[in-house]
Chemist: 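I'd like to ask some things about the structure below.
As the structure lists them, so they are numbered: ligands from 1, and atoms in each ligand from 1.
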Amino acid sequence: MQNLGEAMTDIRPLVAGNWKMNGLKEALREAWAVAEGVAAKAPNADVMLCPPATMVAVMAEATAERLMIGGQDCHVAASGAHTGDISAEMLGDAGAAAIIVGHSERRADHGERSQDVAAKAVAVHRCGMTAIICVGETAGERAAGLTLKVIERQLAGSLPDGVTAANTVIAYEPVWAIGTGLTPTAGDVANVHAFIRGYVRSNTTDGDGMRLLYGGSVKAANAAELMAVANVNGALVGGASLKADDFLGIINVYV
Ligand code: PEP
């Protein structure tokens with residue numbers, strides 16, 4: 001396998017926190033503390049928080065210039081009769097710079113297929129925002145030796161035409177590692193990320209510069225090892241992004 005690590009050193013990492021369905025107004029103080037911590041230590045990485053949609057506008061205002069704010073999902077349409085849904089345009093208008101699409105919880109809980117994920121990524125790009133496209137295998141698929149096949153199938157189905165390093169980030173999130181405290185070995189992460197790098201290099205115009213995040217039980221205690229893996233250009237963090245101290249412990253790997 002090619003050693004792709006050397007070429008990747010110019011990619012500015014991204015550490016993104018996915019708050020999922022957590023966060024009332026009082027949690028804004030955690031976002032503010034993250035912003036303060038980032039301002040104090042100036043990590044060599046972009047830092048993003050993806051709160052629930054109800055908090056996007058207020059968080060964007062409170063942390064302006066220090067943190068990027070992202071949404072967690074969007075509808076494919078700009079507006080219309082879709083009760084309860086939210087469009088990429090609306091999230092952008094509220095201050096989001098990026099939107100996560102295809103998170104495994106959306107794929108599992110809402111039956112989203114890769115073609116739905118691709119359509120959502122198109123909506124994100126239409127708004128001039130960054131799509132954070134998630135892929136990852138289940139425990140069963142991994143046990144059956146299907147990890148790379150699953151990743152390839154999800155990439156082929158979820159990446160729309162027009163994907164570039166500027167408008168898209170890929171997050172590799174093994175489903176079995178999300179919220180479980182389990183993580184793949186550094187070697188396993190290296191293999192999957194090298195595969196994804198090869199895929200985006202072959203199938204997009206500038207895949208060499210695309211940010212590839214690892215996600216799944218990233219914590220301060222394992223972040224340094226995981227972030228040091230070749231072709232890992234940052235992290236997508238769930239549970240450990242809810243508290244500023246925990247999240248800063250991960251971000252500070254890049255100080
Ligand atoms: C996630 O859901 O995107 C995630 C990575 O969760 P956790 O960090 O809690 O495993």
Chemist: Is Val218 reachable from Leu212 through a run of hydrophobic residues whose side-chain heavy atoms are each under 4.5 Å from the next?
Modeler: yes

Chemist: Suppose we measure from atom 8 (O) of ligand 1 to each protein heavy atom; which comes out shortest, and what is that distance?
Modeler: Gly238 N, 2.8 Å

Chemist: Quick check on contacts: which atoms of ligand 1 are under 4.0 angstrom from a heavy atom of Gly239?
Modeler: 7 (P), 8 (O), 9 (O)

Chemist: Decide yes or no on side chain to side chain contact (heavy atoms under 4.5 Å, CB included) for Arg106 and Gln72, but give the supporting numbers first.
Modeler: CA-CA 9 Å; Arg106 300 289 315 176; Gln72 299 177 10; over 6 Å; no

Chemist: Which ligand 1 atoms does Gly216 reach within 4.0 Å, using its non-hydrogen atoms?
Modeler: 5 (C), 10 (O)

Chemist: For atom 2 (O) of ligand 1, what is the nearest protein heavy atom, given as residue, atom name and distance?
Modeler: Lys20 NZ, 2.5 Å

Chemist: Distance only, no hydrogens: is a donor on one side chain within 3.5 Å (strictly under) of an acceptor on the other, for Ser114 and Arg107?
Modeler: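 Yes.
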
Chemist: Does the pair Glu141/Lys149 count as a salt bridge with the N-to-O cut at 4.0 Å?
Modeler: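 Judged by the 4.0 Å cut-off on N to carboxylate O distance, Glu141 and Lys149 do not form a salt bridge.
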
Chemist: Within the 4.0 Å heavy-atom shell around Gly179, which atoms of ligand 1 are there?
Modeler: 7 (P), 9 (O), 10 (O)

Chemist: Looking only at protein heavy atoms, which one is nearest to atom 5 (C) of ligand 1, and what is the separation?
Modeler: Glu173 OE2, 3.1 Å

Chemist: Pull out every atom of ligand 1 sitting under 4.0 Å from any heavy atom of Ser217, numbered as shown with elements.
Modeler: 7 (P), 8 (O), 10 (O)

Chemist: For Asp116 and Arg113, indicate whether the former's side chain and the latter's backbone hold a donor-acceptor pair under 3.5 Å.
Modeler: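 Such a contact is found between Asp116 side chain and Arg113 backbone.
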
Chemist: Check if His103 has a non-hydrogen atom at a distance under 4.0 Å from any atom of ligand 1.
Modeler: yes

Chemist: Stepwise, does the side chain to side chain contact (heavy atoms under 4.5 Å, CB included) test hold for Asp46 with Val15?
Modeler: CA-CA 6 Å; Asp46 292 330; Val15 182; over 6 Å; no

Chemist: Will you find, in the side chains of His125 and Thr168, an N or O donor that is under 3.5 Å from an N or O acceptor?
Modeler: yes

Chemist: Please identify which atoms of ligand 1 are closer than 4.0 Å to at least one heavy atom of Ala177.
Modeler: 10 (O)

Chemist: Which part of Asn18 is near ligand 1, with near meaning a heavy atom under 4.0 Å away: side chain, backbone, both or neither?
Modeler: side chain

